[in-house]
Amino acid sequence: MTLDLFGEEDLQQPARVERICTQTFVLRGFALPWAEALLTALNTLLIQSPFRHMQTPGGFTMSARLSSCGDLGWTSDSNGYRYSAIDPLSAAPWPRMPAAFLAVAEAAASAAGFKGFVPDAGLINTYAPGAKMSLHQDKNERDYDAPIVSISLGLPAIFQFGGFERSDPAQRISLFHGDVVVWGGLDRLRFHGVLPIKPGQHPVLGEQRINITLRKAG
Ligand code: MD6
Ligand code: FE
């Protein structure tokens, strides 16, 4: 028996859509129906290409740990940021993009007005409490016409979404387990980041936040 405070219709609404900028949408809970499939696929691909800390070209260690899947994975070292077909850790191609990742990417992009999105790169970040992502632009992809689909799982995060200069003011948006952010078009090169994750325990993922971003990189 569900607690029916607001009427059954409200409980059966599809994901709530919040438009946070011209071509940027937060789809609340959109990935929840796929959460188990996403996490099962993730566990398998992490055996082949485990999470690892990346070094920035400036000599810093990123606080989130990263892996990738698909034709292209994202790597960073003293030579700079780039996409590569080979995982430098395993010296083999990245794991295939799981079907569940493709399904969420296509459905979420479509819900945000970007039809026919087929990503070739899936970046996976895990954040322990305290880990963050400084304001940055995603500009290593070849094709800025394609959107980016970003899936949040586990502990909540405060996402910063700014302008076209690092110093521009940024909105702060809380993202929860199952939320999906889609952005593209006019907003594709906006600065964005994640504030330090607050300590906590997520019932499914424990003491971590996982973010999966799906892109067309090549
Ligand atoms: C994160 N996300 O949410 C980091 N980039 O953990 C990103 O850097 C990001 O969420 C481009 C598009 C969506 C994103
Ligand atoms: Fe980004």
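Both counts, for ligands and for their atoms, begin at 1 and track the order of listing.
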To check your reading of the model: name the closest protein heavy atom to [atom], its residue, and the distance in Å.
atom	result
atom 12 (C) of ligand 1	Trp183 CZ2, 2.9 Å
atom 4 (C) of ligand 1	Tyr127 OH, 3.4 Å
atom 11 (C) of ligand 1	Asp138 OD2, 2.5 Å
atom 3 (O) of ligand 1	Arg209 NH2, 3.1 Å

Going by an N to O cut-off under 4.0 Å, is there a salt bridge joining Lys216 and Asp143?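 Result for this pair is no, no salt bridge flagged.
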Indicate yes or no: does Arg190 engage Asp168 in a salt bridge with an N to O separation below 4.0 Å. no
Pair Trp183 + Phe161: ring centers closer than 6.0 Å: yes
When you measure from the side chain of His202 to the backbone of Glu207, do you find a donor-acceptor pair of N or O atoms at a distance under 3.5 Å?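 Not a single qualifying donor-acceptor pair exists.
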Could you list the atoms of ligand 1 found under 4.0 angstrom from a heavy atom of His136?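 In order of numbering, the contacting atoms are 8 (O).
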With a cut-off of 4.0 Å, which atoms of ligand 1 are near a heavy atom of Phe159? 10 (O)
With a cutoff of 4.0 Å, is Val194 in contact with ligand 1, counting heavy atoms of the residue only? yes
Student check: side-chain heavy atoms of [X] and [Y] closer than 4.5 Å:
X	Y	result
Ser150	Ile212	no
Gln160	Phe191	no
Leu66	Trp74	yes
Leu153	Leu205	yes

Relative to Tyr127, does Arg209 satisfy both conditions: NZ or CZ under 6.0 angstrom from the six-membered ring centre, and within 45 degrees of the ring's axis?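 Judged by the rule, Arg209 and Tyr127 form a cation-pi pair.
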Heavy atoms only: which of Ser134, Ser150, Pro147 is nearest to atom 14 (C) of ligand 1? Ser150
Answer with side chain, backbone, both or neither: which part of Arg215 has a heavy atom less than 4.0 angstrom from an atom of ligand 1? side chain
For Asn211 and ligand 1, does the shortest N/O to N/O distance drop below 3.5 Å? yes
Is any N or O atom of His192, backbone or side chain, closer than 3.5 Å to an N or O atom of ligand 1? yes
In Asp138, which N, O or S atom comes closest to the Fe ion (ligand 2)? OD1
With the Fe ion (ligand 2) as the reference point, give the N/O/S atom of His136 that is nearest.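 So the atom name we want here is NE2.
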